[in-house]
Amino acid sequence: MRWPCHPAFPSLSCHQLRSLLRSCARRPSLGVGKKLHAALITSGLSATPDTFLCNALLHFYALCGSVPSACKVFYGIPNSHKDTVDWTTLMGCFARHRMPANGLRLFIEMRREGVSIDDVTLISVFNACARLSNVEVGVQGHGVSKKLGLSSSIKVCNTVMDMYVKCGLLGEAKGVFEEMEERSIVSWTVILDGMVKLESVGSGRVVFDTMPERNEVAWTIMVVGYLGNGFTREGFSLIGEMIFGCGFMLNFVTLCSLLSACAQSGDVMIGRWVHVYALKTMGKEIDIIVETALVDMYAKCGRVDAAIEVFEHMQVRNVVAWNAMLSGLAMHGRGEVILDMFPRMVKEAEPDDLTFTSLLSACSHSGLVEEGCHYFHNLELLYKITPKIEHYACMVDLLGRAGRFEEAWVLIKKMPMPPNEVVLGSLLGSCSVHGKLELGERLLHELLRMDPYNTECHILLSNMYALGGKQDKANSLRHVLKNRGIRKVPGVSSIYVDGQVHQFSAGDKSHPQTTEIYMKLDEMIRKLRLTGYIPKTASQVFSGGDSRANKENDLEEIEQALFSHSEKLAVCFGLISTRAGSPLYIFKNLRTCLDCHSAMKMVSSIYDREIVIRDRNRFHCFKRGSCSCSDYW
DNA sequence: ATAGGGTTAG
């Protein structure tokens, strides 16, 4: 018997048409599939809807990369003719195209329509929840999977665990892991990753050592855990075991992961080693993604010139590479360089929103007000980019720093979205620089309405009161903080010496060379004072301890607290443990304070050292008595 | 009546 024919292709059965579409999907061959679709439409597909054909079309578009066409076919089929597989096909399509929000919306619609759900559907759901950190839908899906008896499916359990890990719920993930009767290597690596990221590298190591088998993913997670947290030696020895002991090669995913860990902890030693490895194994033609990771790593390790070097040697540069370079330059306050390079970028790649975030923030950090305004003005007109809240934040920052408060305020009022903490917080920062107490108070109230526990803006305003001579107000604000139990995040500075990271907190006496460090500190303060250094105690109402009886002790105590700030200790350690004249690279988790900033400038000339400090916002390169930020930070 | 969806971890 002959199968029924389709009017568009009298020689082909519907069954054969479906097979054709399916092979177009697998190829993938978008052109041929589209022609088939066109022929089907012109011959009146909609008049005699063959749902099997529609489903094949849906599958084809879902696999071949056109999301809108897949959606169109999907919604063209009546719900009564769609089953679990059809819904899941579209969900998978959203997942592949990194559109998790659409995926979840579809899942919710699916449940509303009463379509039954199976293991394949849930894998896409958990994937989307993980990407969005949407634990609500995730828990819902977990419930469904239990009800359907899918707790025995290793893949479902793995994605559930991954979802919990990505949402920060390690306990839930561990619970699933323990209930599993059978586990795959993926189950182990998901748990390992969760332990390293959410508990500690140490407890991750315990999992790593007890795993029944270890693949390159497991090794990478462990090495990245060590390097990202500053354990250079442990990380490096593990890389050695991985390559020479187990014979693994580092592929480009591993290389990128390692470089990003180095960028995070500032470990340029290992970063350089990875660079050499990449050159040796890949030759001159390093993968563009790895090259971009190298640019990012060097820039974040304070070696912006090395970053430029890698960047200029790249054969091809895309937007991502350009953005990495520009954001690196922005962090280092090289505003003029960015403006010089930008016309070159336009010839090689199309700038996107991230490009302009770097460009505008560089203008703001370098005080290039007119240039910043010019690019912001052209954002939509010339580059067809709708300004996002980040761009408004840069502009408010730019205008505020320059003391143009009215314009900044007008811009905030004109924004199509309500201002967030970043926008208001940066204006508050400018208020503190320019002593605009009244506006500062207003901003603080607004900020506290958004986030009552924002320590930083409390501190900013109290420092403003103190500098403005309003001691009573400063004290009462301090009281509010104390009563609410809000505490400052402790500042930590770290410095690498001989491949080992040394960490210091304020007043730290735990380092084995504490005696020598504090002797150097005494000497440094003496020399600083001779050069005319005056401790900026006025800004420090907040860092001191409890109430004090007498004013003179007070001042001395505050001074002592200033002297033993973590970055000063790190510098002293650097001075006594490295060769004369070699530069010092220091990382700080918070912003550098005003006093340390002015002290570092002098230290760089007294000891003839280049001092590079990466703080939470940007880099400061102190050289011969001045800083690359031109005191504009 | 038929076939068709996904590979989770760095």
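Protein chains get the first letters and strands the later ones, always in sequence-line order, with residue 1 at the start of each. These values consider heavy atoms only, across backbone and side chains, with no hydrogens, waters or symmetry-generated copies.
- Within the structure, the salt bridge (charged side-chain N to carboxylate O under 4.0 Å, His left out) test picks out the following pairs touching residues 295-307 of chain A (sequence neighbours left out): A/Asp296-A/Lys300, A/Asp305-A/Arg334.
- Qualifying side-chain hydrogen bond (donor to acceptor under 3.5 Å, both in side chains) partners for A/Lys388, counting only residues two or more places apart in sequence or in other chains: A/Asp353.
- The stretch residues 163-188 of chain A participates, sequence neighbours left out, in these salt bridge (charged side-chain N to carboxylate O under 4.0 Å, His left out) pairs: A/Asp162-A/Lys166, A/Lys174-A/Glu199.
- Taking atom NZ of residue A/Lys82 and atom P of nucleotide B/dG4, one finds them 21 Å apart after rounding to whole Å.
- Note on residues 225-246 of chain A: pairs passing ring-ring contact (aromatic ring centres under 6.0 Å, His included), not counting sequence neighbours, are A/Phe236-A/Trp273.
- Residues in residues 101-114 of chain A take part in no salt bridge (charged side-chain N to carboxylate O under 4.0 Å, His left out) pair, two or more places apart or across chains.
- Counting any heavy atom pair closer than 4.0 Å across all strands shown, A/Ser257 reaches sugar-phosphate atoms only and no base atom.
- Not one N or O on the side chain of A/Asn79 forms a donor-acceptor pair closer than 3.5 Å with the backbone of A/Lys82.
- A heavy atom closer than 4.0 Å to some atom of DNA chain B occurs in A/Thr220, A/Ile221, these being the qualifying members of residues 219-228 of chain A.
- When heavy atoms are screened at a 4.0 angstrom cut-off, A/Lys166 is found touching the sugar-phosphate backbone but no base atom.
- The stretch residues 202-216 of chain A participates, sequence neighbours left out, in these salt bridge (charged side-chain N to carboxylate O under 4.0 Å, His left out) pairs: A/Arg205-A/Asp209.
- Here B/dG6 presents its P atom at 12 Å from NE2 of A/His97, a figure rounded to the nearest Å.
- Within residues 85-95 of chain A, the residues that place at least one heavy atom under 4.0 Å from DNA chain B are, in residue-number order, A/Val85, A/Asp86, A/Thr88, A/Thr89.
- Between the side chains of A/Ser260 and A/Ser257, no donor-acceptor pair is found at a separation under 3.5 Å.
- Among the nucleotides B/dG5, B/dG4, B/dA9, the one closest to any side-chain atom of A/Asp83 is B/dG4.
- Within a heavy-atom distance below 4.0 Å of DNA chain B, the residues of residues 141-159 of chain A found are A/Lys155, A/Thr159.
- Applying the side chain to side chain contact (heavy atoms under 4.5 Å, CB included) rule to A/Thr89 yields the partners A/Leu58, A/His59, A/Ala62, A/Val85; only residues at least two apart in sequence or on another chain are considered.
- For the pair A/His81 NE2 and B/dT2 C1', the computed distance is 16 Å after rounding to whole Å.
- A/Thr159 places a side-chain N or O within 3.5 Å of a backbone atom of A/Lys155 that can act as its donor or acceptor partner.
- Counting only distance, with no hydrogens or angles, the side chain of A/Arg591 and the backbone of A/Asp615 share no donor-acceptor pair below 3.5 Å.
- Residues from residues 177-188 of chain A placing a heavy atom under 4.0 Å of any atom in DNA chain B, listed by number, are A/Val186.
- Although no hydrogens or angles enter the test, the distance criterion places no donor-acceptor pair under 3.5 Å between the side chain of A/His142 and the main chain of A/Val160.
- In this structure, A/Trp219 and A/Phe248 have tilted ring planes: the angle between them lies in the 30° to 60° band.
- Checking the phosphate oxygens (OP1, OP2) of B/dG5, a side-chain nitrogen or oxygen of A/His59 falls inside 4.0 Å.
- Side-chain contact of A/Ser493 with A/Ser566: a donor-acceptor pair under 3.5 Å is present, judged by distance alone.
- Taking CH2 from A/Trp188 and CE from A/Met180, the interatomic distance works out to 10.5 Å, rounded to the nearest 0.5 Å.
- Computed from coordinates, the A/Met163 CE to B/dG6 P distance equals 21 Å when rounded to whole Å.
- Straight-line distance from the CG atom of A/Leu250 to the P atom of B/dG10: 17 Å, rounded to whole Å.
- Applying a 4.0 Å cut-off to non-hydrogen atoms, the residues of residues 117-136 of chain A that approach DNA chain B are A/Asp118, A/Val120, A/Thr121, A/Ile123, listed by residue number.
- When rounded to the nearest whole Å, the span between OH of A/Tyr164 and P of B/dA9 equals 17 Å.
- In this structure, CG of A/Leu58 is placed 11 Å from P of B/dG6, rounded to the nearest angstrom.
- In this structure, NZ in A/Lys588 is found 14.0 Å from CZ in A/Phe504, a value given to the nearest 0.5 Å.
- If you measure from atom CD1 of A/Ile243 to atom C1' of B/dG10, you get 15 Å, rounded to the nearest angstrom.
- Between the side chain of A/Asp193 and the main chain of A/Val196, no donor-acceptor pair closer than 3.5 Å is present.
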